[in-house]
Each structure stands twice: as structure tokens, then as C-alpha cells.
Trainee: 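Provided herewith is a single structure, encoded as C-alpha cells, for subsequent inquiry.
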Amino acid sequence: MPAELAKRFDPKPVETRLYQAWMDRGLFHAPTDGTRPRFSMVIPPPNVTGSLHLGHALNNTLQDLLARHKRLLGFDVLWMPGTDHAGISTQVVVEKDLAKRGKTRHDLGREAFVDQVWEWKAKYGARIVEQLQALGASCDWERERFTMDPGLSRAVREVFVRLHHQGLIYRSEYLVSWCPRCTTVLSDLESPYKLVNGKLYRIRYELVGGSGAIEVETTRPETLLGDTAVAVHPEDERWSRFIGKRVRLPLLGREIPVVADTFVDREFGTGAVKVTPAHDPNDFECGRRLGLPAINILHPDGRLNENAGPYAGLDVAEARKQVVADLDTQGLLSGVRDHPHEVPHCDRCDTQVQPLLSEQWFMRMAPLAAPALAAVREGRVALHPKSWENTYFHWMENIRDWAISRQLWWGHRIPAWQCAACSEWTVSVEDPSHCAHCGSAEIAQESDVLDTWFSSALWPFSTMGWPDETATLRRFYPTDVLSTAPDILFFWVARMIMMGLHFTGELPFRHVYLHALVRDEQGRKFSKSKGIGIDPLDVMAVYGTDAMRFTLTSLAAQGRDIRFGMQVMEGGRAFVTKLWNAARFALMNLADYDPGARAGEASLYDRWIRHRMDVAIADAHAALDEFRFNDAAQILYHFVWGELCDWYIELAKLAFQGGDEQRRRTAQATLVAVLRGALTALHPIMPFVTDEIAASLPDADGRFLMEGRYPERGGPLDAESAREMDTLVDVVTRIRQVRGELELPQPTLVGVTFPSAAEPFVGRHAAAIRALARAAQPRCSDEPPSPTASVVLVQGWSLRVELDDPRFVADELRRLDKELVRIDKDLVLTARKLDNPNFVERARPEVVSAEREKCAQLESERNTVQDRLAKLRRAAGGAA
RNA sequence: UGGCACGUAGCUCAGUGGGAGAGCACUACCUUGACACGGUAGGGGUCGGCGGUUCAAUCCCGCCCGUGCCAACCA
């Protein structure tokens, strides 16, 4: 029995109720013993400290769309959800919390602090999951994973140990990017460059023995405390006489050599550069080449250490001020100028990163990158949009070793133990009791943890139980699609490909969809720190989740960012409402619908709308196959609004209001079928409103849309029927145009006269023409038109709209003049082409003949219009 | 600095080697029994600029300008 639908759709209660019902029914759970085809994805695990932002909303809407789409195609779908432990972010959050109580993590000690983080996670970690659920995400929550779960932690250890044994993980002293606030090393990717209004200081280094000085320029004068050389270009004549001599380091008085190295840019500054191997990447390389010592002047917390002599204890900024002042008073500062330049900053806390020499664990990337590069190059993994592949190649070809250790407490502690007796490392999955090298029991585990991305790189298989050969892994790995933000292409996607290939021998996914960046109305990137952003939960509260999902989907064009302001939501909401109202109309007319009754022969209108639905759904599927989400949304929007509502429902009213019982029954059957088809097709984009409506349809059987299938295609619409429907649409549209152009008062019923050749057509569609064009009963006659008629050409017929009022003659003359101008304009363009012998000879024949046809058509129209104009003018003149 | 995108109606954006499209906004008319978050019609664009290829360029190519992303970065 059809239920009544409320006058307005109220999203909130429906969303809560339906989501719970879907969960209760277990619709999101993917069985491992299924026999149907399978489809799987892993969610990009959001940061456990995070909350849903619009980028997540977009990405997860699209993934949910794919998941539901595949279910409707009959796949067993696994969408694996979970969160990651976000080492630095989470630790920072909990530390801030502690700071409010005047404590640091060191007050608690490692173990107690980690307990504290787990507590925090238990309390707030579910927030992001709840938000995903509010979005409608149909993840298999029974399988939810966290990167620090025992199973995933075991996978991390397993991978670390295997890579270490394979020589792909090593420990080494290296110049790393160091965040003094977080007191940890950062990877290159975690330290983006930002423009800083720095200064360039010119400093004199006096030659030992006193015959002159070398001037160098630097943006970080305080690093001179760690200088171990001054370098010049070997072929630089200005400085060649200094090479091999020694200069006196200002302030500290240390003697350091002048060396030659080709890395020096002769064009820059004085052409001489101070060398600080412990605190600058270029200098580090130079120092290695020339065997220079490296003097570390920094404490991990960013203050200067004892090597800085009198400056020890100052932080970098203070030291810089002091050093500059001292240089100045000693007359060694010969210039200062502004020098804006790019300096790496900590991705998490925005502190300036300090290059620092330290012992770290590294992963050797080149051997892992090679097969991952080949996989994309050979198309075994496809990136969408394809334009990202170049970026991927470039990065992978120039890949550098990955610093994987982090000086944090929250994360996967590195499974390596150093022996107090022999200093060797023992690396093992199980905690060892003694040194593998000398047997000593005095071993201590490395205190560092692994970069969070190390565990994320294993996500597609660690979530499925690897290294065990689980049923889930067998059935759902490798996955089909990964959808994610382009800014983590290297952080995450590339590393997953490398790890997947290395450890499972398979690519972790076939397709990578890199979604658009969501910006605000001014085109700015959303940013937590700058307070720029729209909370998707606010959007959902105001407009409804379906409206937001639809809007985001319709804006998700490949290769383009999304500018999102609240007002772009209006369209999505209007569409939800339109669908709702169409359903209300249907239900009003389905009160006595009998699903069991044999439907009679379908009318042209019935067959047409079913066909249009088939086409729309097929087109939408083709769009989804190519990740053209916006096209899919637009195709279905146009079908529902522009065809179902604008035409079919208006035509169905005739069947419902007329007295023909058989026509009414077939229209009912068609309406139910088409509405259910439209709801099913839209369900992946707008799951809530569609399921809510579907449950009210008279053919509802208690199952949710997701448990069903897309409608099966009917036969094609025969050409003659298609043409007839086109003609009807044209006729109605042309009459409406005349009404509009002549500004006829809306309630006026106009008379319409067709040529007698149109009699069969008019006989079949008189009711439709009357209703849709607001016309009186159409007539058929070949008599010449009366002077007050407006004549339009449609599908070869000369159609008359009877105005019956001489006042409209002037309007009609104006309308015909306008028409003539348009025709003439087109005619000139066409004639110009046809007069060009090159066109006639070289253009494709079908183009030429089409042009000829058009020309003939235009000429005939022109004659008719001119003829009509002449007659009207004569009549008007005669009357005057 | 290099690579890659993008620049189309007032706004947000589709699109294509053979007469420029949608939604919103705007104008006019319409409170017709699904819907004013609506209906019908209409106005509005040298498709960033300059060259080139072509019978034909908004589309292909080159250069330039503007915007963005990615990568690198000279101390």
C-alpha cells in the first residue's frame, strides 16, 4: 500500500533511521564465501585526531557512490574502513592537553604517556567514524581497522624485519630535517617550503697571516659557529689565490681551510660560501666529498649546544641576533640586505625546520621504486586523471631514501635492539632476549618509532590480515579502486604500490582516482590553521546529506578544483525536493495501483520514457566506468528533471485525468517502474531520499534499494516512435515560443491549426498539445492562414497559432522580422562555405551535403517567412 | 627555475576540428491539484592575448599574459 509522503522532505530523521536500518540488515558487510563477482576498496584512513572536512566529504561520497553502484550491479563489495594513528599530530594533541595541566610527556614517562594517548583515542577516536556514517558511508564497519591494532602492528614488524634482512632498511648518520618543536626528524615530504622574508648577511673571514679576507653571504649567520671550511669555485680567478690557505672563523677564532668545490655558484653573492656540513644539505655533501669535519651546534630542542661556545643555550633566533650584533661590533659584518627565500617548515606545527646531523633509520627506495614505476608505465595501475602520471614518474625516477624513524613515543616502536656489549643491532619480529651477534643479554630496544606512513603503506593488505593468508585477503585483495587526494600521491599511494608489489607480489589496486581539491569561494585552500573552511556537518544540517553529496558529485570534474560556497548547495537541495515532489505526484495517482494487474499496451509516452531511462542509466554507467562522476550526476539530473518531470509526468496527467481506464493502468505501471528505476540509479549518489521514497512506492517489498539491481533494459524505441515524440516536443515548444515572444497572457488558450497532412498525428496527440501548450482543440486545415495568425515551421509543417486579435499583428511582424534576420545570418554563413571551392572539394562529403541540405532548408524557411511577412504587411496596410 | 593543469555567459562550471552549453543569478508572464527549493519564455559570451597548421580553430601546434598544483631551490 502506498504511504503518504510528507509535503516536504525532512532529511535529518530519515538519515539517522535509514543508516541504522542498513546497518542492522548487514548490508555493508562483505562475505568472504560469496560466489558473485567482487569489488573492493580501502578507505584512505583518516587521522584519528581529525574531523571530517570537505575533502573527506567529497572523497568518501565518491567512494560510497562506487560501492553502492557496484552492489547494484550484483557485486560483493568490500569497502574497508579505518583510521591511522597519526604519530606527530596525535602526540601533539595529547601533549597540549597535558600542558594545560602544566605537565610534559617526560613527567609521565613513555609508558604512562602512551597509555594516555590510548585513552584519548578511546574517547575521541570515534568522532571521525561517526561523521563518516553521517555522510552515509557504506563501509564494512565490522572490519574496521586501526593502524596500531595488534594485527596491523604485526604486519609492520614483519615488513620492517624483512626489509632489514634484505638490506633495504639501514641505519646511518645523515643530515635530516629536524623539527625542534616536535623534537623529531621529518621526511622531505613533511617539510614543505614556505616563503620567508629573510636577510642576506655579508661576513668577512680574515685570512690567517693577515693578507686580506674572504667575504661570504649567508641567510643563517649563526651557523658560522659550525663552519669547517669556506668554499670557492675551483675556476674562479677572483679567489684562486686563496685556495689551500686558511681563514679565521669570526667570533670563535677557529682556523678553517679555503677549499675548492664545483657546487659553488660563482654568480651568487661573492662567489664564496661558508661550509657547515652539520647544518646544510649542500654543505653536508661537500663535506663528505672533501672529508671535512662536521660540527653539530644544535641541541634537539633547537637551542645551541656547547660547540657554540659563548652562544650555547640560546635558541636559533636569539643566537642569530647576538651573532649579528657581535660581528657588527667587530667590524666583520660588511652588509645586510633583504632576501626573501623559501625555507622548509614543519607540516604539523609550522616551525622552521633545522637541518641536523643525526643517526636515523632509512629505507632504500630505488630498488622498490623500479617495479612500481613500471606498473604505472605499463598501465597495470591507472591514475585518473591521467595527467598525474607524469608527476608520478618524475618523483619515482628521482626518488630518495626515506627517513623512517621518528623521535616520538606514539607509534610503532622500531623492532631493533642494540647490544650494550658489542653495539650491534638485533632486528626481530619477536622481542629477543639476547644479542644475535654476541649473545649478551644487555640489549635495549631502539626508542624511536616508525613514520606513520610506514604503516599506511601496508594498509591495503595489512587490513586484510596479512601476513596470514586470510579468507578476506584471498577474496578481496588486490583491491580495485583507490580514491584519494592528490597531495598524498607520494606520501601514500606510491608507497602502497611499492610495498604491495614487494610483499604480496601484486599491485594493491588497479585504478587510482585522485579527486579534486575543495577550495572556498575565493579559491583559497581550506586550512585548519588559518581557520578557513566550511564544516560539512554544517552543510548537511542545513541542506541535507543527499543534497551535499549530489552537489559535490556534480562538481567532481577531473582535473579541476572545486570552489565551494554554501550557495552552490541550493541546486542540490532543489533537485532532492524535485525528486520528492515527483514521487508525491506519483503516489497521489497510485492509490489504487495493483502491481499484479496485467498492464495493457503501453502508450508512446510510456515507451518513450522507459527508453529515455534506459539511455540515461547506460550513459551514467559509462561515465562512472571512467570516473566521470560529474557527468553521471548531470545525466541523471537531466533525465529526472528535464524528461521525467518536464515531459512524462505532464503527459501522464492526461492518462490520470482522462476516462480511459486502460491508459490509466499502463501509465501507473510505467510511472512506478520509471520512478523506481530513477531512484535506483540515483541511490549511489543520494542514498537517503531515494530509499525513503522507494519504501513508499506501491511495489515496495520491504527490501532496501541496495538489495536490488539496476532496472533491466527494455527494447530500443523504434525510430518512428522516437520521431513522433520529437515532433510532439517540437510542436509544443514552438507554440510556447510564440506565446512567449508575443507575450500572450498566460491563461489565454490559443487556437492551433495544422496542415491536413498532420491529421493522424493531431488525432493521436490533441490532448497533449492542448495541455502542454495551453492550446484550444487543434484543427487541421489547408486554408490560407488568417491575417491574425502566427505561422511557425515545425518538422516540415506550417503550423498556425491563431491569435484572433488584430492587436497582435504588429507583434507578429516584429517576430517574423527577427526570424528573418536569424535565417539570413545563417544563410550567409552557409553560402560562404558552399561558395568556397576548397570547402566543397576538401571537406568530408557528408559535411558538404549536410551543408547543402541546411542551405536548402534555410531558403525554404526564408521563403515562407518572407511570404508571410508580405501578406501580413499587405493586410495591415489594407486595414490602415 | 622546471613540469603539469586551468583561463568558455555576471557567478560556478560542462563541452567539441564543421552554426557556443548547463545550473544559479537576471528579465517578463504564471499562486493551473506534485513541486515558487516551482512552471513557461527571454536577454546575455571577439570560448585569456598574438601568431601558425587547416577548406574550416573555442578545440590542434608555438609564443605571451594570468591563476593554481607538483617538483626543485643559490648559500
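Chain A is the first sequence line, chain B the second, and so forth, proteins listed ahead of strands; every chain is numbered from 1. FYI, side chains are in, hydrogens and waters are out, and symmetry mates aren't considered; it's all heavy atoms of this structure.
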Trainee: Take N1-N3 plus N6-O4 or O6-N4 for Watson-Crick, N1-O2 plus O6-N3 for G-U, both under 3.5 Å. Which runs of 3 or more such pairs involve RNA chain B?
Mentor: B:1-7 with B:65-71, B:10-13 with B:21-24, B:26-30 with B:38-42, B:48-52 with B:60-64
Trainee: Search all heavy atoms of Ala632(A) against all heavy atoms of Ala620(A) and return the closest pair with its distance.
Mentor: CB-O, 3.9 Å
Trainee: What is the nucleic acid contact for Val273(A), judged by heavy atoms within less than 4.0 Å: base, sugar-phosphate only, or nothing?
Mentor: base
Trainee: Of the nucleotides rU12(B), rC37(B), rA34(B), which has the atom closest to the Leu555(A) side chain?
Mentor: rU12(B)
Trainee: Drop me the distance from Leu224(A)'s CG to His279(A)'s NE2, to the nearest 0.5 angstrom.
Mentor: 11.5 Å
Trainee: Could you measure between the two C1' atoms, the one in rC13(B) and the one in rG17(B), and give it in whole Å?
Mentor: 23 Å
Trainee: Find the distance Leu58(A):CG to rC13(B):P and express it as a whole number of Å.
Mentor: 13 Å
Trainee: Given the rule in the side chain to side chain contact (heavy atoms under 4.5 Å, CB included) test, do Arg320(A) and Arg220(A) qualify, once you have shown the distances and angles that lead to the verdict?
Mentor: CA-CA 7 Å; Arg320(A) 179 172 305 175; Arg220(A) 296 184 296 155; 3.5 Å; yes
Trainee: Which listed nucleotide (rG18(B), rA41(B), rC35(B)) is nearest to the side chain of Arg844(A)?
Mentor: rG18(B)
Trainee: Compare the minimum distances between each of rA75(B), rG18(B), rG39(B) and the side chain of Val847(A), then state the nucleotide with the smallest one.
Mentor: rG18(B)
Trainee: Whole angstrom is fine here: how far is it from CG in Asp487(A) over to P in rG68(B)?
Mentor: 17 Å
Trainee: Examine Arg495(A) relative to Trp402(A) and say whether NZ or CZ is less than 6.0 Å from the centre of the six-membered ring and inside a 45° cone about the ring axis.
Mentor: yes
Trainee: With nearest nucleotides of RNA chain B determined for Glu851(A) and Thr577(A) from heavy-atom distances, which residue corresponds to the more 5′ nucleotide?
Mentor: Glu851(A)
Trainee: Without decimals, in angstroms, what is the distance between Phe839(A) CZ and rA57(B) C1'?
Mentor: 15 Å
Trainee: To the side chain of Ala582(A), which of rA34(B), rA14(B), rG38(B) is closest?
Mentor: rA34(B)
Trainee: Between Asp261(A) (CG) and rC74(B) (C1'), how many Å, whole number?
Mentor: 14 Å
Trainee: With sugar-phosphate meaning primed atoms plus P, OP1 and OP2, does Arg736(A) contact a base, only sugar-phosphate, or nothing at under 4.0 Å between heavy atoms?
Mentor: sugar-phosphate
Trainee: Could you work out which one of rA75(B), rC70(B), rA34(B) sits closest to the side chain of Thr391(A)?
Mentor: rC70(B)
Trainee: Calculate the interatomic distance between Leu514(A) atom CG and rG68(B) atom P; express it in whole Å.
Mentor: 21 Å
Trainee: Using the P atoms only, state how far rC64(B) lies from rG3(B), rounded to an integer number of Å.
Mentor: 11 Å
Trainee: Give the nucleotide from the list rC35(B), rA41(B), rG43(B) with an atom nearest to the side chain of Asn581(A).
Mentor: rC35(B)
Trainee: Just compare rG18(B), rA41(B), rC37(B) and give me whichever is closest to any side-chain atom of Thr733(A).
Mentor: rA41(B)
Trainee: Test side chain to side chain donor-acceptor pair (under 3.5 Å) on Tyr205(A) and Asp227(A); report intermediate values, then the result.
Mentor: CA-CA 11 Å; Tyr205(A) 285 44; Asp227(A) 282 1; 2.6 Å; yes
Trainee: Main chain of Val689(A), side chain of Asp546(A): is a donor-acceptor contact present, judged purely on distance under 3.5 Å?
Mentor: yes
Trainee: Nearest to the side chain of Glu650(A) - rC35(B), rA41(B), rA71(B)?
Mentor: rC35(B)
Trainee: Please state the C1' separation for the pair rA75(B) and rC70(B) - nearest whole angstrom.
Mentor: 25 Å
Trainee: Verify whether the ring centers belonging to Tyr637(A) and Trp641(A) lie closer than 6.0 Å.
Mentor: yes
Trainee: Rounded to whole angstrom units, what separation is found between the NZ atom of Lys578(A) and the C1' atom of rA34(B)?
Mentor: 8 Å
Trainee: Could you tell me how far rG45(B) sits from rG21(B) if I compare only their C1' atoms? Round to whole Å.
Mentor: 11 Å
Trainee: With rounding to the closest Å, how many angstrom separate the C1' atoms on rG66(B) and rC50(B)?
Mentor: 15 Å
Trainee: Are Asn282(A) and rC74(B) close enough that a side-chain N or O sits under 4.0 Å from OP1 or OP2?
Mentor: yes
Trainee: Please check if the side chain of Glu389(A) supplies one atom and the backbone of Leu383(A) the other of a donor-acceptor pair under 3.5 Å.
Mentor: yes
Trainee: Does a side-chain N or O of Trp388(A) approach OP1 or OP2 of rG3(B) to a distance below 4.0 Å, or not?
Mentor: no
Trainee: Measuring only the P atom in each nucleotide, how far is rC26(B) from rG7(B)? A whole number of Å is fine.
Mentor: 26 Å
Trainee: Taking the side chain from Arg676(A) and the backbone from Ala694(A), do they hold a donor-acceptor pair closer than 3.5 Å?
Mentor: yes
Trainee: Of the nucleotides rC37(B), rA14(B), rA75(B), which one has an atom closest to the side chain of Asp631(A)?
Mentor: rA14(B)
Trainee: Answer yes or no for Lys653(A) and Phe585(A): cation-pi contact, defined as NZ/CZ to six-membered ring centre under 6.0 Å and angle to ring axis within 45°.
Mentor: yes
Trainee: Report yes if at least one side-chain N or O of Gln634(A) is closer than 4.0 Å to OP1 or OP2 of rG23(B); otherwise report no.
Mentor: no
Trainee: Tell me which of Leu858(A) and Ser554(A) sits closer to the 5' end of RNA chain B, going by the nucleotide each one is nearest to.
Mentor: Ser554(A)
Trainee: In whole angstrom, give the distance that lies between atom CE of Met588(A) and atom C1' of rG33(B).
Mentor: 6 Å
Trainee: Contact class for Glu570(A) vs. all strands (heavy atom < 4.0 Å): base, sugar-phosphate, or nothing?
Mentor: nothing
Trainee: Between rC61(B) and rC69(B), how far apart are the C1' atoms? Round to whole Å, please.
Mentor: 24 Å
Trainee: Using a cut-off of less than 4.0 Å, is there contact between a side-chain N or O of Lys653(A) and OP1 or OP2 of rA34(B)?
Mentor: yes
Trainee: I need the CD-P distance between Glu626(A) and rA14(B), as an integer number of Å.
Mentor: 16 Å
Trainee: In whole Å, what separates the C1' atom of rC24(B) from that of rA5(B)?
Mentor: 26 Å
Trainee: Side chain of Asp646(A) only, please: which of rG39(B), rA75(B), rC37(B) is the nearest?
Mentor: rG39(B)
Trainee: Look at the side-chain N and O atoms of Lys833(A) and state whether any lies under 4.0 Å from the OP1 or OP2 oxygen of rG18(B).
Mentor: no
